[in-house]
Amino acid sequence: MTRKACVHNLGCKVNAYESQAMQQLLTGAGYEIVPFAPGADVYVINTCSVTNIADRKSRQMLHKAKKMNPDAVVVAAGCYVQTGSEKLIEDGTVDLILGNNRKQNIVEALDEFYRSRTPSADIIEINRTKEYENLSINGDSDRARAFVKVQDGCNQFCTYCIIPYARGRVRSRTPEDVLEEIKVLVSAGYKEIVLTGIHLSSYGVDFADRKERLLDLIKMTAEIPGVMRIRLGSLEPGIITEQFAAELSKIPQICPHFHLSLQSGCDATLERMNRRYRTKEYAEKCEILRRYFDRPALTTDIITGFPGETEEEFEASYRFVSDIRFFETHVFPYSRRKGTKADRMDGQLPEHVKKERSNRLLKLDSERRKEYASSFIGCEAEVLIEEEVTCEGQRMLTGHSKEYLNMLIPFTKSVAPGDIVKVRALRFAQDLHCNLVGTII
Ligand code: SF4
């Protein structure tokens, strides 16, 4: 009898990649993959632990899975396992616990469970390992864009972040392994490769006997026939140098879309966050990118209401964000995370203050998105078509430009998802905020 399994993902793009990899391992072992609904024999929850709320959500999903089928095997995998294993073991809902660096053993762990019917936990001391977990995907889902994980862990210890404790130190995947996976993805039809990791800028710093760093990996990726676009996951400002930007700008497939994590536009707050740059340096990095790329899409993350953030500090942060003129700002009200330094800091702010500051930044973000997108009206853009949608009452095709602008074109049979077409942007769509409608040229 074929067993039915579902893998439910919580959290970031790296987790999503690992969920896809586990799903493929299960398929390879003969499991039928089913949606997260009643009726499965195995529920794998790939948990997240970035905030206290993420922990709670992880626990809720595990309980929900057990409720869906009390006879099913419930597997807790990933970050919450690393930070909350005691609670998980105590709780008793979960049959198998697989920590980070152990997801590759999902099939063997299930085999063992079916043999012995004994719950087990496989958790390593993630802070002590130097090993990169060998997971890979072959991309059998029907998307145009493939995320490729190239690195795990982080050495930065920002005061609000639990990630270094949940995912351990920087571990990079060998270029050979990365390139092998990209070749498989390209032959499966993927045109765009997104290089991603927990701290992508640190790619290669842990290699003992080899010299490749992120720029080398990007160059090698660009040499693979069929790679039409390369997009980069979140970068630390420190990696952007004149030379880095100059070299990058010579690679035709590079998408001029750079996510430079900022978190606060106030130096005093950055200091308390233990971020390694200050606003002056950050602004210089943005200038460098703008010198080497035409209207690059600069995006960022901001935390509002970090402990001790005064009204003046927030105003400084707001002004800085406004002056940089980002394409997109992802705004997060500060969320306490047990086990971090920031959680123990004085000056924790009430939720309504965090919310009010977030709302101000979200309003600014919405204006800036519109401003950036409108600068492309009348211009040509190369769009990777992703899917068919209904917009303004008609069939349309949608996809993203290299800058990650969402574009719509009238439906035509001659274009299919996965195609790259040249489009002239004509106007904003009526019912979708900031999407542009264009025509094929
Ligand atoms: S750089 Fe800072 S925020 Fe990012 S994963 Fe590392 S510790 Fe967390």
Side-chain angles (χ1 to χ4, degrees), residues 10-18 46-55 78-84 99-101 126-127 129-130 132-133 147 149-173 194-206 213-214 232-240 258-279 281-282 285 299-307 309 317 321 329-345 354:
L10 297 167
C12 65
K13 290 279 192 299
V14 171
N15 249 26
Y17 172 92
E18 292 169 347
N46 199 11
T47 60
C48 173
S49 189
V50 71
T51 58
N52 292 344
I53 296 167
D55 278 4
C79 292
Y80 177 56
V81 166
Q82 295 298 143
T83 59
N100 282 330
N101 265 43
I126 202 75
N127 292 327
T129 186
K130 290 186 172 162
Y132 179 85
E133 182 177 25
F147 286 84
K149 181 185 161 194
V150 304
Q151 176 280 336
D152 206 338
C154 180
N155 299 345
Q156 304 285 305
F157 292 92
C158 299
T159 53
Y160 53 83
C161 184
I162 197 76
I163 298 280
Y165 308 96
R167 285 198 171 261
R169 298 296 91 74
V170 171
R171 277 119 52 219
S172 306
R173 189 174 178 189
V194 186
L195 298 178
T196 187
I198 294 293
H199 197 252
L200 184 62
S201 305
S202 293
Y203 178 81
V205 298
D206 56 313
R213 295 291 182 269
L214 184 61
L232 303 177
S234 180
L235 296 173
E236 280 294 307
I239 199 169
I240 310 293
F258 302 103
H259 186 87
L260 290 191
S261 184
L262 175 63
Q263 308 303 359
S264 169
C266 162
D267 286 342
T269 316
L270 286 174
E271 171 112 38
R272 290 199 302 285
M273 288 177 164
N274 193 31
R275 299 292 288 174
R276 311 290 175 97
Y277 51 83
R278 294 296 173 260
T279 46
E281 183 192 346
Y282 187 99
K285 306 298 184 180
T299 60
T300 202
D301 297 322
I302 296 285
I303 296 173
T304 60
F306 186 75
E309 186 186 64
S317 187
V321 172
T329 306
H330 304 151
V331 185
F332 302 94
Y334 169 71
S335 186
R336 290 179 83 156
R337 182 64 186 85
K338 262 197 212 124
T340 60
K341 271 194 184 163
D343 185 46
R344 300 188 294 273
M345 282 180 185
K354 299 178 199 172

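All figures in this text were calculated on a predicted structure; none of them were measured in a lab. Counting starts at 1 for both ligands and their atoms, following the listed order.
Residues that satisfy the side-chain contact (heavy atoms from CB on, under 4.5 Å) test with Glu271, not counting sequence neighbours, are Arg278. Evaluation of the side-chain contact (heavy atoms from CB on, under 4.5 Å) rule for Val14 yields Cys12, Glu18, Lys149, Arg167, Thr196, Ile198 as partners, not counting sequence neighbours. Under the side-chain hydrogen bond (donor to acceptor under 3.5 Å, both in side chains) criterion, Arg272 pairs with Glu313, not counting sequence neighbours.
Neither the backbone nor the side chain of Gln263 has any atom closer than 4.0 Å to an atom of ligand 1 (non-hydrogen atoms only).
With hydrogens left out, the protein atom closest to atom 3 (S) of ligand 1 is Tyr160 OH, 3.4 Å, a heavy atom.
Judged purely by distance below 3.5 Å, without hydrogens or angles, the side chains of Ser261 and Gln263 pair a donor atom with an acceptor atom.
Taking the six-membered ring where tryptophan is involved, the planes of Tyr277 and Tyr282 are tilted, since the angle between them lies from 30° to 60°.
By the criterion of a separation under 2.8 Å, the protein N/O/S atoms near atom 6 (Fe) of ligand 1 amount to Cys154 SG.
Ligand 1 has Arg275 within reach: a non-hydrogen atom of the residue lies less than 4.0 Å from it.
Remark: Glu236 engages Arg275 in a salt bridge, criterion side-chain N to carboxylate O under 4.0 Å.
Across all their heavy atoms, Thr329 and Val321 have their closest contact at OG1-CG1, 4.0 Å.
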